[in-house]
Amino acid sequence: MSPTVTLKGSVKFSFKKLVAGGDLAQSTYTGPGELLLAPAALGDIVPVRLDGQQQWSVGKDAFLCATQGVVKDYKSQGFGKAMFSGEGLFVYKISGQGVFFVTSLGAIIQKNMAQGEQYIVDNDHLVAWNCKYTMERVASGGIISSMTAQEGLVCRFTGPGTVFIQTRNPVAFGQWLATHMPGGQ
């Protein structure tokens, strides 16, 4: 960062953050100059502009940072979606005015949908979305077939709206690392 930028750290404890797995510590950068941020995973960073009229849902590991005027909160997405969406009971709800940045494992693909248009996304590939979705079972052949084929529930999004999708699956990547790296299973 430029020497004209100042860093201030703070800790904000809340039970919701503790349960949701959110960050308790927060860094705030102020002042004129340049600031470069990088995510922990190898992947894209995409800016999303907010005009004060929209709300986005962001996956648990996809939020990187935001400018002033952006409001970040945790919201429950309901028990059914929590169990099967891969995002847990709480997701970030982003609103306000400004820019927030999402990150991914791999590249980010942006899917813009017209009114009534639908798109199906494997839940482990979700980054951020601002449209309605439902959970659906897509595998055939019963529960055992679904589990062994690693198929099952997906998210069906309905436009108008936008969905950001990551090209890599963090769960599968973690499993691969555990079995292929020295000291793995």
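The shortest non-hydrogen separation linking Cys131 to Gly161 is CB-CA, 3.9 Å. Minimum interatomic distance between Val121 and Val163 (heavy atoms only, all atoms of both residues): CG2-CG1, 4.3 Å. Taking every heavy atom of both residues into account, Gln97 and Asp51 meet most closely at NE2-O, 3.4 Å. The minimum heavy-atom distance linking Thr167 with His125 is given by the pair O-CE1, 3.7 Å. Taking each heavy atom of Ile108 and Phe164 in turn, the nearest pair found is CG2-CD2, 3.6 Å.
Residue Tyr133 holds its OH atom at 14.5 Å from CZ of Arg156, rounded to the nearest 0.5 Å. Atom NZ of Lys132 and atom OG of Ser57 lie 13.0 Å apart (nearest 0.5 Å). The CD atom of Glu136 sits 7.5 Å away from the CD atom of Gln118 when rounded to the nearest 0.5 Å.
Taking the six-membered ring where tryptophan is involved, the planes of Trp56 and Phe100 are perpendicular, since the angle between them exceeds 60° and thus also 30°.
Judged purely by atom type and a 3.5 angstrom limit, Thr103 uses its side chain to pair as donor or acceptor with the backbone of Asp44. No side-chain donor-acceptor contact under 3.5 Å links Thr67 to the backbone of Gly98. A side-chain donor-acceptor contact under 3.5 Å links Gln166 to the backbone of Leu105. Within the 3.5 Å criterion, the main-chain N or O of Gly106 finds a donor-acceptor partner in the side chain of Ser104.
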Applying side-chain contact (heavy atoms from CB on, under 4.5 Å) to Ile165 and Val127, what does each step give before you reach the verdict?
CA-CA 5 Å; Ile165 306 159; Val127 174; 5.8 Å; no
Kindly determine whether Lys72 and Ile94 satisfy side-chain contact (heavy atoms from CB on, under 4.5 Å), including the steps that lead there.
CA-CA 5 Å; Lys72 178 178 81 166; Ile94 311 293; 3.6 Å; yes
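With hydrogens and angles left out, the side-chain atoms of Thr162 and Asn112 include a donor and acceptor closer than 3.5 Å.
Qualifying side-chain hydrogen bond (donor to acceptor under 3.5 Å, both in side chains) partners for Ser27, counting only residues two or more places apart in sequence or in other chains: none.
Taking the six-membered ring where the residue is Trp, the centroids of Phe157 and Tyr119 are separated by 6.0 Å or more.
Val70 and Phe101 fall into different hydrophobic clusters, defined by Ile, Leu, Val, Met, Phe, Trp and Tyr side-chain heavy atoms under 4.5 Å apart, directly or through other members. One hydrophobic cluster, built from ILVMFWY side chains closer than 4.5 Å, holds both Met113 and Trp129.
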